Amino acid sequence: MMKNFSSSPLHSNNQTPNHIRERNIRKYGLLSAIPLRLSLRGYGFCMATLFLFCFGSLFYQLNGGPPKILLDIRQYLGVYGKNHWSVKLATGRLFIHKDRVARHLVSCPHVHKPRQGESTYLDDHGPPAPRVLPFPSQVVYNRVGKCGSRTVVILLRLLAEKHQFNLVSSDIHNKTRLTKHEQVDLMKNISNIPQPFLYTRHVHFLNFTRFRIEEPVYINIIRDPINRFLSNYFFRRFGDWRGEQNHLIRTPGMKDDERYLDINVCILENYPECSNPRVFYIIPYFCGQHPQCREPGVWALERAKQNVLENYLLVGILEELEDVLLLLERLLPHYFTGVLNIYKSPDYRKMGNMTGTVRKHTPTLEALQVLYHRMRYEYEFYNFIRDQFHLMKKKIGLKSGSHPSVYSPAFLRELALRTPEPLDEDEDLDTDLEDANSWLVHP
């Protein structure tokens, strides 16, 4: 028997369109309010929105993070809302500001452990920098002995107080070569000095990048090698104008025979102090800690040149100290601004005059020839540094206020030594000594 479905309420012909519309509204709720048909304008709007979203995502990835406005909104909605806590106490409410919470989280990172998937502004970006540091904020002055280093250190002490940077001057003077562990310990100690800082010590070049430690900026000053040798020779024996007794205490093991040894005898009779490797002194400060850096030769010379070009902001020459100070003031203004005014002040002149070596005199021409031959690598490096220094002055446009060295070592180019004949008159001897003095600069 066939059933008649025409009498069913769902298919009754007595229902009007309004009744059907009301029934659909009750069935589908709010979905019926959304039009299912999209116009061409609406389709274009959707595609434009999708394009902007994709472009924004690409911009986000290329720049390593979202735009600043999104970070500000996130910080406001996420951190600001979470960190304004209210704690009910017996006497009322205690409100904790977000800045205090941030400082607490930084000082005690173990206290706050976010749940998996939770991220805060501090977790992603860390605490804000307390101050803007100058660049560079890490400077190392591995000062070469008897190259005006005490003069510069006196200036640095005055500048550190004036410009508020940390000056760390090591009291270790006789340990320039270090073991591998000593190098790492020293470099870590240097890196832990509060920035901005300037660290100074008599030490051969340290390669920070070799041990994956941030490399500081290096500066240094050298001088004519023979002048440096003579200054060191007499300084070890007789000190400076601060008092001879001070240096007798510093070298108590030196016997009188050694203390009063004539420098010509030391050079011509090949005493250890006046021959290699002792006179091979300046290059190892720039070559580094490698054992071959202490052997006079081309390898150490070329490595020293390479380190100067790659790691040193400036290497000046003592003969043009005022120009060195001017360049340092230009290149490191946060450290050396006003240094030349201090250097030229009468009060500083009184202190600086006390650092001059006493009892220093010039060897004979024969001894100078021998010494120059032993220092040929040192002079090649010195000439290289002098050329680089003059090139930097030219690039910066610095008009030199100092005069070049007046000596002319032409008579030293002939390295074949000849024994001079006995002189009949003392005037000729005085003339030769004046010629020798003319090419040795006495600071």
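Predicted model only: the values in this text are computed from it and were never measured. In this chain, numbering begins with 1 at the start of the sequence shown.
- In the model, Asn207 has a side-chain atom that pairs as donor or acceptor with a side-chain atom of Thr209 under 3.5 Å.
- Between Phe234 and Phe238, the ring-plane angle classifies as parallel under the 30° and 60° cut-offs.
- The aromatic rings of Tyr218 and Tyr312 are tilted relative to each other, their planes meeting at an angle between 30° and 60°.
- The pair Glu319-Arg386 fails the salt-bridge criterion, with no side-chain N (NZ, NE, NH1 or NH2) lying under 4.0 Å from an Asp/Glu carboxylate O.
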May I have the list of side-chain donor-acceptor pairs in residues 183-191 shorter than 3.5 Å, sequence neighbours left out?
{"unit_1": "Gln183", "atom_1": "NE2", "unit_2": "Leu178", "atom_2": "O", "d": "3.3"}
{"unit_1": "Asn189", "atom_1": "ND2", "unit_2": "Asp185", "atom_2": "O", "d": "3.1"}
{"unit_1": "Ser191", "atom_1": "OG", "unit_2": "Met187", "atom_2": "O", "d": "2.9"}

task: Go through the steps for Leu156 and Tyr335 under the test side chain to side chain contact (heavy atoms under 4.5 Å, CB included), then give the verdict.
output: CA-CA 8 Å; Leu156 286 171; Tyr335 297 88; 5.7 Å; no
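- By the neighbour-count criterion of 12 heavy atoms within 6.0 Å, atom CZ of Phe45 is sparsely surrounded, having that number or fewer from other residues, nucleotides or ligands.
- When all heavy atoms of Val140 and Pro216 are compared, the closest pair comes out as CG2-CG, 3.5 Å.
- Annotation for Val279 and Cys274: closest pair CG1-C, 3.7 Å, computed over non-hydrogen atoms.
- Nearest approach of Lys146 to Arg150, heavy atoms of both residues: NZ-NH2, 3.5 Å.
- A side chain to side chain contact (heavy atoms under 4.5 Å, CB included) with Gln388 is found for exactly one of Val315, Leu309, Leu314, namely Leu309.
- Side-chain polar atoms of Asn270 and Arg374 form a donor-acceptor pair below 3.5 angstrom.
- Under a 4.0 Å N-O distance rule, the pair Glu320/Lys393 qualifies as a salt bridge.
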task: May I have the step-by-step check of side chain to side chain contact (heavy atoms under 4.5 Å, CB included) for Gln306 and Cys287, ending in yes or no?
output: CA-CA 8 Å; Gln306 181 180 359; Cys287 179; over 6 Å; no
task: For side chain to side chain contact (heavy atoms under 4.5 Å, CB included), just list the numbers for Leu332 and Ile219, CA-CA rounded to whole Å, side-chain angles, deciding distance to a tenth of an Å, and then say yes or no.
output: CA-CA 10 Å; Leu332 298 172; Ile219 59 173; 4.2 Å; yes
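- Side chain of Arg303 to main chain of Ala300: no donor-acceptor pair is present (N/O by atom type, distance under 3.5 Å, no hydrogens or angles).
- Between the side chain of Thr200 and the main chain of Tyr141, a donor-acceptor pair closer than 3.5 Å is present.
- A donor-acceptor distance shorter than 3.5 angstrom exists from the side chain of His202 to the backbone of Arg143, with no hydrogens or angles considered.
- The closest donor-acceptor contact from the side chain of Arg259 to the backbone of Arg237 lies under 3.5 Å.
- With hydrogens and angles disregarded, no donor-acceptor distance shorter than 3.5 Å links the side chain of Glu380 to the backbone of Tyr377.
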task: Could you give me the CA-CA distance, side-chain angles and deciding distance for Leu368 and Ile267, then say whether side chain to side chain contact (heavy atoms under 4.5 Å, CB included) is met?
output: CA-CA 8 Å; Leu368 288 175; Ile267 296 172; over 6 Å; no
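- For residues 281-298, the pairs satisfying side-chain hydrogen bond (donor to acceptor under 3.5 Å, both in side chains) are Tyr281-Tyr285, with sequence neighbours left out.
- With no hydrogens or angles considered, no side-chain donor-acceptor pair links Asn142 and Tyr199 at under 3.5 Å.
- Between Arg236 and Glu273, at least one side-chain nitrogen of the basic residue sits less than 4.0 Å from a carboxylate oxygen of the acidic one, meeting the salt-bridge criterion.
- Although no hydrogens or angles enter the test, the distance criterion places a donor-acceptor pair under 3.5 Å between the side chain of Glu215 and the main chain of Phe208.
- Contact between Ser169 and Val153 at its shortest, heavy atoms only, is OG-CG1, 4.1 Å.
- Side-chain atoms of Ser149 do not come within 3.5 Å of backbone N or O of Gly145 as any donor-acceptor pair.
- Side-chain atoms of Asn264 come within 3.5 Å of backbone N or O of Thr364 as a donor-acceptor pair.
- Of the possible donor and acceptor atoms, one in the side chain of His163 sits under 3.5 Å from a partner among the backbone N and O of Thr337.
- Counting non-hydrogen atoms of other residues, nucleotides and ligands closer than 6.0 Å to CD of Glu161 gives a total of 12 or fewer.
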- request: Report the C-alpha separation of Phe286 and Phe205 in whole Å, then their side-chain angles, then the decisive distance to 0.1 Å, and conclude whether the ring pair (Phe, Tyr, Trp, His ring centres under 6.0 Å) test is met.
  value: CA-CA 5 Å; Phe286 300 88; Phe205 173 77; 8.6 Å; no
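- The shortest non-hydrogen separation linking Pro284 to Cys293 is CG-O, 3.5 Å.
- Evaluation of the side-chain hydrogen bond (donor to acceptor under 3.5 Å, both in side chains) rule for Arg201 yields no partner, not counting sequence neighbours.
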